[in-house]
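All values below come from the heavy atoms of this structure, side chains included, with hydrogens, waters and symmetry mates left out.
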Amino acid sequence: MGELILLRHGETEWSRTGRHTGRTDVPLTPAGEAAAAALAPVLARRDICAACTSPLQRAARTAALAGLSNVKQDPDLREWDYGGYEGMTTLQIREQRPGWYLWRDGVIPGGDGDPGETAEQVGARADAVLSRATPLLADGDVVLVSHGHFLRVLTARWLGLGPAEGRLFRLVIGGALGLAFTYAVGHLFGTAIG
């Protein structure tokens, strides 16, 4: 039985400055590219049978630099849609909404009919990804390249927790996390691959 390997995209200018980056398609910084490339030797030692990435360039570029091949884009792997909070830092949001906490308070609608997403909607996408990826583990490791908040929700769902329990986990920018089954129950087996 393979392991589900989660890769968070490398650093972008927005992630470096703490801006919520959902739908905005920003490129990796040179440091983000270097972090992604540093994953390649680690992943080369793995028995990878499938790899999927968010269609956003920061994730797709991370997948390429990490040496993954035959990568399929999966729109369900995109980041949480922050609606009206897109591009804002937590401090900026709290100036308008004191005490705001994404996992508890959610987002506000954005312009152009963009309602943003609830934790439950992100969780439904994570469940869809897991339903497609889990059967593939019979043939080897499956790599998912995505974004911080989405991967935290996916980790919670893997463990049978509610989507908002993603708050309990942290994935570093440009980092990797492995998930595995133990006795037919999903478990988190470590904080880093390598």
Side-chain angles (χ1 to χ4, degrees), residues 2-15 19-40 42-44 46-83 86-87 110 112-158 163 166 169 171-179 193:
E3 297 167 351
L4 188 63
I5 299 172
L6 310 181
L7 300 185
R8 183 177 176 191
H9 67 77
E11 177 191 79
T12 68
E13 186 60 33
W14 279 27
S15 66
R19 295 171 69 179
H20 287 83
T21 317
R23 295 168 28 146
T24 304
D25 202 6
V26 295
L28 297 176
T29 63
E33 290 187 347
L39 294 168
V42 175
L43 293 173
R46 307 297 301 213
D47 179 25
I48 297 170
C49 70
C52 298
T53 184
S54 160
L56 296 173
Q57 68 174 311
R58 58 192 182 270
R61 180 77 174 136
T62 295
L65 290 168
L68 298 172
S69 58
N70 300 314
V71 180
K72 295 180 182 168
Q73 290 193 358
D74 184 342
D76 283 337
L77 286 169
R78 71 187 185 282
E79 179 61 295
W80 192 319
D81 183 345
Y82 299 115
E86 180 77 10
D112 299 325
D114 175 23
E117 285 182 294
T118 65
E120 292 74 22
Q121 289 169 319
V122 178
R125 287 195 288 114
D127 289 346
V129 169
L130 289 171
S131 73
R132 292 188 296 270
T134 302
L136 302 175
L137 295 173
D139 297 323
D141 295 338
V142 175
V143 180
L144 303 177
V145 186
S146 188
H147 312 273
H149 280 123
F150 178 80
L151 290 174
R152 292 168 70 181
V153 171
L154 186 135
T155 300
R157 298 304 300 138
W158 173 270
F169 308 100
L171 284 84
V172 298
I173 296 170
L177 173 72
L179 304 175
I193 300 295

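Heavy atoms of other residues, nucleotides or ligands lying less than 6.0 angstrom from CZ of Arg23 number 12 at most.
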>> Is there a side-chain contact (heavy atoms from CB on, under 4.5 Å) between Arg157 and Leu130? Walk through the geometry before answering.
In response: CA-CA 8 Å; Arg157 298 304 300 138; Leu130 289 171; 4.0 Å; yes
> Can you list the steps and then say if Leu179 with Leu154 is a side-chain contact (heavy atoms from CB on, under 4.5 Å)?
Replying inline: CA-CA 10 Å; Leu179 304 175; Leu154 186 135; 4.2 Å; yes
>> Does Arg132 form a side-chain contact (heavy atoms from CB on, under 4.5 Å) with Asp74? I'd like the steps, not just the answer.
In response: CA-CA 11 Å; Arg132 292 188 296 270; Asp74 184 342; 2.7 Å; yes
> Please walk me through it: do Val145 and Val71 pass side-chain contact (heavy atoms from CB on, under 4.5 Å)?
Replying inline: CA-CA 9 Å; Val145 186; Val71 180; 5.8 Å; no
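A donor-acceptor contact shorter than 3.5 Å is absent between the side chain of Trp80 and the backbone of Ala119. Put simply, the side chain of Arg125 never gets that close to the backbone of Val122: no donor and acceptor are under 3.5 Å apart. A distance-only check finds no donor-acceptor pair linking the side chain of Asp141 to the backbone of Gly2 [under 3.5 Å]. In this structure, Glu13 contributes its side chain and Thr29 its backbone to no donor-acceptor pair below 3.5 Å. Without hydrogens or angle criteria, Arg152 side chain to Phe169 main chain gives a donor-acceptor distance under 3.5 Å.
The aromatic rings of Tyr82 and His149 stand perpendicular to each other, their planes meeting at an angle above 60°, with 30° marking the opposite boundary.
If you check the side chains of Thr24 and Glu86, you find a donor sitting under 3.5 Å from an acceptor.
Contact annotation: the side chain of Thr134 approaches that of Trp158 to within less than 4.5 Å [non-hydrogen atoms, C-beta and beyond].
The one candidate from Thr12, Val26, Asp25, Thr62 that meets the side-chain contact (heavy atoms from CB on, under 4.5 Å) condition with Gln57 is Asp25.
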